[in-house]
Amino acid sequence: MSHAGATGRSRGAADQPGRASKDDTGCHILHADMDAFYAMVEIRDRPDLAGLPVIVGGTGNRGVVLSASYQARVFGVRSAMPVTRARRLCPQAVFIAPHHARYAAVSKEVMAAFRSVTPEVEPLALDEAFLDVSGAIRRLGPPARIAELIRSSIRDQQGITCSVGVASCKFVAKLASARCKPDGLLVVPADQVLDFLHPLPVAALWGVGEQTGQTLARLGLRTVADIAHVPVGTLQRDLGTAVGAHLAALAWGRDERPVVTGVAEKSIGAEETFSTDIDDPELIRRELLRLSGRTARGLRAAGSMARTVVVKLRLANFTTITRSRTLPEPTDVARKIYGTACALYAASGLDSGARLRLVGVRATGLVPAARAVTQLAFGEQGTGWRDAERALDRIAGRFGTDSVRPATLVRGRDEMPVSPAEAGVQRVPEA
């Protein structure tokens with residue numbers, strides 16, 4: 001499998017139309033697609049499989065291929081192909097029965113990484129989603145840069161790769177991600193959409209299956225450009241009013257569909273993947289402090305309080321441990337979240353020398369802050385930490401999130417290895 005850099009340039013992107021270095025103005029739609037998802041998860045968990053043709057699917061004679069590594073695809077193996085045929089094409093492949101629960105767990109974390117960039121995420125399947133990043137550009141930079149951050153985050157957090165298409169609409173973004181696989185990034189500039197689309201075969205258009213393709217072939221229409229330049233009435237006469245209009249619009253790069261989330265926010269959190277594995281408890285607690293602050297800010301920004309605090313600890317071998325604790329009363333105060341997170345870390349059962357590649361803090365059981373009732377401990381003042389943190393929110397809103405922070409983080413900021421995952425607070429919908 002080819003492993004490109006964060007921009008996809010090391011994989012020959014200079015020869016790709018609309019490569020990452022092109023103008024991404026107005027290209028606020030991303031399509032992120034995991035590369036050979038099931039197979040890559042299996043290879044990640046079994047390093048001895050690296051570089052081998054791997055096929056995931058039913059192991060019986062009537063089974064079908066669910067996923068194939070790119071080493072297997074070289075031999076013509078494809079998804080939905082009968083396993084018996086795949087064995088004939090690539091008898092040396094390693095055949096693995098699927099582990100659906102494992103893929104679902106990884107998918108949940110992948111979608112959480114997407115939502116750390118923007119809440120506007122529309123999952124299409126376990127391994128792909130559309131993202132509208134228009135609201136994240138001011139915070140994270142232009143769309144191509146955001147796509148780079150996403151690819152880096154998935155690679156660092158999950159040990160797998162994804163390809164990302166960047167365009168002005170969903171249809172073109174999805175085509176772009178397919179064109180730059182595996183492990184690539186492709187930007188289709190808004191003013192080059194037709195240059196990208198028109199040379200493609202008609203089968204590239206959504207809605208062109210076998211029957212529609214045969215009808216188009218009878219009309220002598222073989223490329224997207226052919227469809228674009230035929231009268232819409234001709235298409236509608238032979239394909240039907242709706243289908244004809246649909247294909248004509250796509251052929252001219254018109255796709256007005258928005259990214260539709262349709263998922264209620266169930267939790268808010270933040271996580272960090274270290275650039276090198278960490279075994280120093282002091283550094284880990286320092287990162288828990290940083291993440292607790294980001295989580296608390298996310299809660300307050302959403303007007304929510306949380307009943308439960310969850311800590312995620314991922315070891316160097318990708319084993320993940322989660323621990324949670326329900327609080328006596330809901331909170332949006334970083335100090336309380338941090339204290340709970342540290343207690344969960346201490347009670348995780350990890351050896352003192354355990355090396356961590358990722359740490360996360362998440363707040364669940366959200367309730368509207370306006371309706372939350374908190375009990376004061378004996379002698380506790382009604383104002384204090386919450387008011388202080390809200391004041392810091394106002395300062396951060398004006399001067400940036402790092403303008404004021406705990407002294408521990410001021411001292412340790414340059415010592416902590418960080419990754420692009422620090423770019424934002426995650427809002428993680430639960431399944």
Side-chain angles (χ1 to χ4, degrees), residues 105 108-109 111-113 115-116 119 157 263-274 278 281-315 319-350 354 356-377 380 384-390 392-393 396 401 405-406 408-409 416 421-422 424-431:
K108 185 175 181 179
E109 296 196 4
M111 297 303 164
R115 292 185 178 97
S116 72
Q157 293 180 22
V263 179
E265 188 171 87
K266 298 293 184 64
S267 68
I268 291 176
E271 60 186 37
E272 186 61 53
T273 301
F274 305 125
I278 299 297
E282 180 182 351
L283 290 180
I284 293 169
R285 284 190 292 269
R286 191 182 301 168
E287 189 60 21
L288 289 173
L289 175 60
R290 189 193 326 276
L291 297 175
S292 296
R294 288 166 56 192
T295 299
R297 287 195 299 273
L299 286 168
R300 293 191 294 270
S304 299
M305 288 188 175
R307 297 183 183 276
T308 302
V309 174
V310 182
V311 165
K312 179 165 70 173
L313 307 167
R314 176 163 295 151
L315 298 171
T319 298
T320 302
I321 297 171
T322 58
R323 296 289 185 269
S324 64
R325 178 173 298 174
T326 298
L327 306 175
E329 60 210 25
T331 187
D332 60 0
V333 177
R335 178 171 175 263
K336 291 184 178 180
I337 295 172
Y338 172 62
T340 305
C342 284
L344 292 170
Y345 167 55
S348 65
L350 291 176
L356 297 181
R357 64 179 288 116
L358 178 147
V359 175
V361 175
R362 182 161 50 97
T364 68
L366 305 189
V367 295
R371 297 207 306 264
V373 177
T374 59
Q375 300 289 329
L376 295 178
E380 184 180 8
W385 284 105
R386 180 172 292 105
D387 289 345
E389 291 186 13
R390 289 184 182 279
L392 294 180
D393 289 345
T401 56
R405 56 183 182 266
T408 298
L409 298 185
M416 288 298 300
E422 189 174 350
V425 172
Q426 292 185 5
R427 290 172 167 80
V428 189
E430 295 176 339

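- Minimum heavy-atom separation, L356 to F274: O-CD1, 3.5 Å.
- Here the NZ-CZ distance, from K312 to R323, works out to 14.0 Å after rounding to the nearest 0.5 Å.
- Within the model, atoms CD of E282 and CD1 of I284 stand 11.0 Å from one another, a figure rounded to the nearest 0.5 Å.
- Taking L327 as the reference, V309, T331, T340 meet the side chain to side chain contact (heavy atoms under 4.5 Å, CB included) condition, with sequence neighbours excluded.
- Looking at heavy atoms from C-beta onward, L315 lies in side-chain contact with L350 at the 4.5 angstrom threshold.
- Nearest heavy-atom pair across L299 and A363 is CD1-CB, 3.9 Å.
- Partners of S348 by side chain to side chain donor-acceptor pair (under 3.5 Å), not counting sequence neighbours: none found.
- At a threshold of 4.5 Å between non-hydrogen side-chain atoms, the residues Y338 and V361 do not count as touching.
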May I have the step-by-step check of side-chain contact (heavy atoms from CB on, under 4.5 Å) for T364 and R362, ending in yes or no? CA-CA 7 Å; T364 68; R362 182 161 50 97; 3.3 Å; yes

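- Listed by chain and residue number, T308 satisfy the side chain to side chain donor-acceptor pair (under 3.5 Å) test with T326 (two or more places apart in sequence, or in another chain).
- How far OG of S116 is from CZ of R294: 8.5 Å, rounded to the nearest 0.5 Å.
- Comment: R290 engages E287 in a salt bridge, judged by a side-chain N to carboxylate O separation of less than 4.0 angstrom.
- Salt-bridge annotation for R314 and E271: absent, with no side-chain N of the basic residue lying under 4.0 Å from a carboxylate O of the acidic one.
- Here the side chain of R300 pairs a donor or acceptor atom with the backbone of D332 at under 3.5 angstrom.
- Shown are L358, L288, L291; of these, the side chain to side chain contact (heavy atoms under 4.5 Å, CB included) with E272 is made only by L291.
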